[in-house]
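Heads up, the thing below is written out as structure tokens.
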Amino acid sequence: MNERKHLGWWLGLLVLLSACRPGTARPLMVSGYLEARTVDVIAVEGGRVLQVRVEEGDVVRPGQPLVDLDPAFLEAQIRMAEAQVAQARAALEALEAGPREEDLREAAARVDQAQALRDGAYQAWQDAQAMLQEPQDLLLQREVAAAQVRAAQARLEQAVALKDIAERLKSRAEAAMREWERLPPALRPPLPAEVGDAAYAYWSAWAEVNRAGAAYDGSRALLEYLDAVIRDPIALRTQVVEAEGRYRAAEAALEAARAQQAALRAGASPEQREAARARLRQAEAALEALKARRSRFQLLAPQGGIVALRAVEPGERVAPGTRVLQLMDLQTLELVVYIPEAALGRVRPGMKVPVTVEGFPGERFEGVIVHIAEEASFIPRNVQSPEERARLTFAVRIRLENPDGRLKPGVPADVEIP
């Protein structure tokens, strides 16, 4: 590039010296090289490259998807944030609802169910870690998990059947209670113990259904997880991370259920309600901030142009701030020439000048002067005599519109200054 600048200075000076001879008034011819503006596509988020959608030399349009990064870690964070939002919302709803006997029973059942889910997710996480250390045991663990699924399904079906029986007994007990209440007090016989225990038996049966359902879901999730790992052993490490995420989410759900149960028992003050609302708003804001980062994992073209550089390949890991692509805008080119100080009065910003380019003989392109340097540059010492070194030049930047892409960067061009 320095050699190109020196050549432009030299040609400009020679033409100026010839033009300044007595009795002459000629245009000033200066030379330079066409340059294109480049834009780097930067990865704001770090991660593994999933897909590079373009090759070097491809033409892209503004907003076109270029590179996809793996958002797995962000998605795990979003799931945890969603669990925190659910926990905060459940706590607030529990505070505002006020305690009822029916709500207390349901809260206890939800705690049991959440605890079962948490325990199942924890076991799945531990199993995944064990498989990471001993992958040869996968098939054996898969058979054990399949047996657990069958046993859990049988237990769930039995619990549902017992719940249906308890529900019918509860309905009969309630009907008997209504008939008993219609009798005059003096004629009311003692109620059987089964009538009073029917409601408790019904809620106990529901709790058992919840526990059995949670155990079934956990065992089935483990079986599906093992099947996925067997199909794709390379993804085992990712499965461990996802299993931990499920465990953390289940743990957060258990804490939410316990918080709801405690709030129902104790009631809440206005200050506690307002604090719960603030926690919910904070959790929702954190969740929205994480979701807003999703778009950063697909890099889009900031402008149209040609892919000049492809710096990454699928499978590579990139850090935030890494340049992954470079785009070159060929619609507008620039040409930098150097004007001697004596000819500086001939040029001004906005002035149109004719440009000729090698490869297009006899054709002139219109350029527009967009900038004139405020400071002068010296002619390089290695190409000028001591007397000529004192001469100054000013860099002049000229813009050429190139909508059809005929002109190419790096091509020498000449400019005629009237």
Side-chain angles (χ1 to χ4, degrees), residues 1-40 62 302-306 308 326-418:
M1 182 59 71
N2 288 334
E3 293 179 356
R4 295 178 179 177
K5 292 181 179 178
H6 298 164
L7 179 60
W9 286 330
W10 176 240
L11 293 176
L13 181 61
L14 291 179
V15 173
L16 177 63
L17 292 176
S18 63
C20 292
R21 289 181 299 179
T24 62
R26 302 177 180 176
L28 175 63
M29 298 296 296
V30 289
S31 300
Y33 289 85
L34 297 177
E35 300 177 0
R37 186 170 65 93
T38 59
V39 174
D40 291 335
Q303 66 173 39
I306 292 179
Q326 187 178 73
L327 304 181
M328 180 182 294
D329 182 12
L330 297 184
Q331 299 296 308
T332 303
L333 300 181
E334 290 188 348
L335 172 66
V336 178
V337 297
Y338 292 86
I339 304 297
E341 182 183 18
L344 193 60
R346 301 189 186 188
V347 295
R348 65 184 183 278
M351 177 180 176
K352 297 181 179 179
V353 293
V355 179
T356 57
V357 180
E358 291 185 6
F360 298 93
E363 187 172 356
R364 289 191 171 194
F365 300 89
E366 183 180 88
V368 178
I369 297 176
V370 295
H371 182 261
I372 301 173
E374 300 293 336
E375 297 182 357
S377 303
F378 284 96
I379 296 295
R381 295 177 181 270
N382 59 346
V383 296
Q384 297 297 327
S385 65
E387 292 78 10
E388 293 169 336
R389 290 190 191 117
R391 298 184 182 276
L392 302 178
T393 61
F394 288 79
V396 176
R397 190 164 74 250
I398 301 170
R399 183 170 297 165
L400 291 87
E401 298 300 326
N402 188 34
D404 53 6
R406 296 172 66 200
L407 302 177
K408 305 300 180 184
V411 175
D414 300 320
V415 181
E416 180 180 314
I417 306 298

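- Counting non-hydrogen atoms of other residues, nucleotides and ligands closer than 6.0 Å to CZ of Arg399 gives a total of 12 or fewer.
- The closest side-chain heavy-atom distance from Val347 to Val353 is not below 4.5 Å.
- Other residues, nucleotides and ligands place no more than 12 heavy atoms under 6.0 Å from the CD atom of Glu374.
- For the pair Glu334 and His371, the minimum side-chain heavy-atom distance is 4.5 Å or more.
- Contact record, Met328 with Pro409: SD-CG, 3.7 Å, taken as the closest heavy-atom pair.
- Closest heavy-atom contact between Leu333 and Ala36: CD2-CB, 3.7 Å.
- Atoms CE and OG1, from Met29 and Thr356 in turn, are 5.0 Å apart once rounded to the nearest 0.5 Å.
- Within the 4.5 Å cutoff, the side chain of Asn402 has no heavy atoms near those of the Gln331 side chain.
- Atoms CD1 and CD1, on Ile417 and Ile398 in that order, are 5.5 Å from each other to the nearest 0.5 Å.
- Between Asp414 and Ser31, the shortest heavy-atom contact is OD1-OG, 2.5 Å.
- Note that the NZ atom of Lys408 and the CZ atom of Arg406 stand 10.5 Å from one another [nearest 0.5 Å].
- Side-chain atoms of Arg37 and Gln303, non-hydrogen and from C-beta on, do get closer than 4.5 Å to each other.
- Scanning both residues, Pro418 and Glu416, for their nearest heavy atoms gives CD-O, 3.6 Å.
- Nearest heavy-atom pair across Gln326 and Asp40 is NE2-OD1, 3.1 Å.
- Atoms CD1 and CG, from Ile306 and Leu330 in turn, are 4.0 Å apart once rounded to the nearest 0.5 Å.
- A 4.5 Å side-chain heavy-atom check between Ile339 and Val30 finds at least one atom pair inside the cut-off.
- Counting all heavy atoms, side chain and backbone alike, Gly410 lies closest to Tyr33 at O-CD2, 3.5 Å.
- For the atom pair OG1 of Thr332 and CG of Leu400, the computed distance is 9.0 Å after rounding to the nearest 0.5 Å.
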